[in-house]
Amino acid sequence: MIGLMVPLLLYIGNQSFGVSSSFRHLCSATIPAGLDYFDYNWKNHKWNIWLVAGMIIGGFLGGYVFGNPEPIRLAAHTRQQLSALGIHDFSGLIPGDLFNWSNLLTIKGFIVMVVGGFLVGFGARYAGGCTSGHAITGMAAFQKASFISVVGFFVGGLIVTYFLLPVIIN
Amino acid sequence: MRYLFAGVFFGFVLVKSEVVSWFRIQEMFRFDSFHMYGVIGSAIVVGAVSIWIINKLELNDMDGNTMELEPKDNSITKRYVFGGFIFGLGWALTGACPGPLYVLSGSGLLIMTVPLVSAIIGAWVYGLLRPRLPH
């Protein structure tokens, strides 16, 4: 189903599927600040903004209106490891005991939510794509750049998972 | 407008396939489940097969233009190594890549607008530092 986005976007307007370019367009539309990277006509990329606007609605429909009340059937080993890190709320899509407003001012909450989000945006634009543009579209098109990027995604992700997260959450 | 509908479809599928879940990302990086690999892997296969069919049959889009994917710049490497690595750090922390950040924000988890806004700021700072970063 997700893979269908590639031909779907090609068909409805000859666009290359990717989500993180929307960050760039949003910056260009709001605070371009005279930077070269944001100096282009973002209105030519409006389709990308429509796409992410639709995704917010899709999230609302899938996660709220037709939401699944059951917890995710997580692998026992992951659950056990996360419990050991002090995560006990497995009821939703994200751990409520880590992602909440009062945690925002704690070091772990700040790193996970604010720093994590920042690195996602910065890294995706630095690499020129995220999971949709590189891992799915780029790998499906056998782009060398995308294979390198995805290896990078995993090296970064594994370091956080095995070395940093245990320190940060505890 | 048609992109809005494409987005609604994509957002809905992302929730239902549970790939927007922080827990699923943790599971993926621990190699404890095939779930994420199955979803992303099948998406790549579906994408690759459709690109192959489109190229083979030289299909046109609904406006009659030849369908073509924008190629990545394969002549450089550094930006993919460094950018990919930084993205990976963030992906494992927030448990969400850009798509899920929008989707989760929409699903009523308003706290996820924090990493979403932060990601947009991250993109802006990249724009600021870009001339000084190795590509």
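In what follows, chains are A, B, ... by sequence order, proteins preceding strands, each numbered from 1.
One finds the CD1 atom of Ile44(B) at 9.5 Å from the OG1 atom of Thr137(A) (value rounded to the nearest 0.5 Å). To the nearest 0.5 Å, atoms OG (Ser22(A)) and CD1 (Ile120(B)) are separated by 7.0 Å. Taking OG of Ser107(B) as the reference point, atom CD1 of Ile56(A) lies at 11.0 Å (rounded to 0.5 Å). Residue Phe23(B) holds its CZ atom at 8.5 Å from CG of Leu93(A), rounded to the nearest 0.5 Å. To the nearest 0.5 Å, atoms CG (Asp61(B)) and CG (Asn14(A)) are separated by 5.0 Å. The CG atom of Leu14(B) lies 5.5 Å from the CE atom of Met55(A); values are rounded to the nearest 0.5 Å.
At a threshold of 4.5 Å between non-hydrogen side-chain atoms, the residues Arg79(A) and Asp32(B) do not count as touching. Between Phe5(B) and Ile12(A) the shortest side-chain heavy-atom distance does not fall below 4.5 Å. Ile54(B) places a side-chain heavy atom less than 4.5 Å from the side chain of Leu10(A). Using a 4.5 Å heavy-atom cutoff, the side chains of Ile25(B) and Thr161(A) are not in contact. Two residues are said to be in side-chain contact when any heavy atoms from C-beta on lie closer than 4.5 Å; Leu158(A) and Phe31(B) meet this criterion. Looking at Phe99(A) and Val114(B), their side chains never come closer than 4.5 Å, going by heavy atoms from C-beta outward. Side chains of Leu119(A) and Phe87(B) form no contact here, defined as non-hydrogen atoms less than 4.5 Å apart.
Chain B forms the most heavy-atom pairs under 4.5 Å with one residue out of Cys27(A), Gly92(A), Gly129(A), Gly157(A), and that residue is Gly157(A). In terms of heavy-atom pairs under 4.5 angstrom with chain B, the leader among Phe60(A), Phe118(A), Tyr64(A), Tyr162(A) is Phe118(A).
Neither the backbone nor the side chain of Val49(B) comes within contact range of chain A; no heavy atom of the residue lies under 4.5 Å from a heavy atom of that chain. In this structure, chain A has heavy atoms under 4.5 Å from both the backbone and the side chain of Val81(B). Proximity to chain A involves both the backbone and the side chain of Leu133(B), based on heavy atoms less than 4.5 angstrom apart. Contacts between Ile94(A) and chain B at a heavy-atom distance below 4.5 Å involve backbone atoms as well as side-chain atoms. Using a 4.5 Å cut-off between heavy atoms, Val120(A) touches chain B through backbone and side chain atoms alike. Heavy-atom distances place the backbone of Asn60(B), and not its side chain, under 4.5 Å from chain A. Of the two parts of Ile2(A), the backbone and the side chain both hold a non-hydrogen atom closer than 4.5 Å to a non-hydrogen atom of chain B. If you measure heavy-atom distances from Leu82(A) to chain B, the contacts under 4.5 Å come from the side chain alone. If you measure heavy-atom distances from Leu8(A) to chain B, the contacts under 4.5 Å come from the side chain alone. Interface residue Leu129(B): only side-chain heavy atoms are found under 4.5 Å from chain A. Residue contact with chain B, scored on non-hydrogen atoms closer than 4.5 Å, involves the backbone of Asn100(A) exclusively. Heavy atoms closer than 4.5 Å to chain B are found in both the backbone and the side chain of Met1(A). With a 4.5 Å cut-off on non-hydrogen atoms, Ile159(A) touches chain B through its side chain but not through its backbone. The contact between Ile31(A) and chain B is made by backbone and side chain atoms together, counting heavy-atom distances below 4.5 Å. Ile49(A) does not touch chain B: none of its heavy atoms, backbone or side chain, sits under 4.5 Å away. Of the atoms belonging to Pro131(B), not a single heavy atom falls under 4.5 Å from chain A. Proximity to chain A involves both the backbone and the side chain of Leu69(B), based on heavy atoms less than 4.5 angstrom apart. Contacts of Ser17(B) with chain A are made by side-chain atoms alone, with heavy-atom separations under 4.5 Å and no backbone atom involved.
In this structure, Thr94(B) contributes its side chain and Met113(A) its backbone to no donor-acceptor pair below 3.5 Å. Under the 3.5 Å distance criterion, the side-chain polar atoms of Arg125(A) are left unmatched by any main-chain donor or acceptor of Trp124(B). When atom types are taken as modelled, the side chain of Ser118(B) and the backbone of Val114(A) share a donor-acceptor pair closer than 3.5 angstrom.
Between Tyr126(B) and Phe122(A), the ring planes lie perpendicular to each other; the angle is over 60°, past the 30° to 60° tilted range.
The cluster map of Ile, Leu, Val, Met, Phe, Trp and Tyr, joined by side-chain heavy atoms under 4.5 Å apart, puts Ile107(A) and Phe110(A) in the same cluster. Taking hydrophobic clusters as Ile, Leu, Val, Met, Phe, Trp and Tyr residues chained together by side-chain heavy-atom distances below 4.5 Å, Met1(B) shares a cluster with Phe9(B). Both Met62(B) and Leu57(B) are part of a single hydrophobic cluster, where members link through side-chain heavy atoms under 4.5 Å apart.
The local environment of CH2 in Trp101(A) is crowded, with over 12 non-hydrogen atoms from other residues, nucleotides or ligands closer than 6.0 Å.
Looking at Arg24(B), Met28(B), Arg30(B) one by one, the single match for side-chain contact (heavy atoms from CB on, under 4.5 Å) with Thr78(A) turns out to be Arg30(B).
Considering every non-hydrogen atom in both Phe38(A) and Ala123(B), the closest pair reads CZ-O, 3.6 Å. In terms of heavy atoms, Leu165(A) sits closest to Trp22(B) at CD2-CZ2, 4.2 Å. Nearest heavy-atom pair, Glu27(B) versus Ala75(A), reported as atom, atom and distance to 0.1 Å: OE2-N, 2.6 Å.
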Test side-chain contact (heavy atoms from CB on, under 4.5 Å) applied to Leu59(B) and Tyr11(A), step by step: CA-CA 9 Å; Leu59(B) 297 175; Tyr11(A) 181 69; over 6 Å; no
Full working for ring-ring contact (aromatic ring centres under 6.0 Å, His included) between Trp47(A) and Tyr3(B): CA-CA 6 Å; Trp47(A) 73 272; Tyr3(B) 297 106; 5.4 Å; yes
Only pairs under 3.5 Å count here: list side-chain donor-acceptor contacts from residues 142-156 of chain A, not counting sequence neighbours, and write none if there are none.
residue	atom	partner	partner atom	Å
Gln143(A)	OE1	Lys72(B)	N	3.0
Gln143(A)	OE1	Asn74(B)	ND2	3.0
Lys144(A)	NZ	Asn74(B)	O	3.3
Ser146(A)	OG	His134(A)	ND1	2.8
Ser149(A)	OG	His134(A)	NE2	3.3
Ser149(A)	OG	Ala145(A)	O	2.8

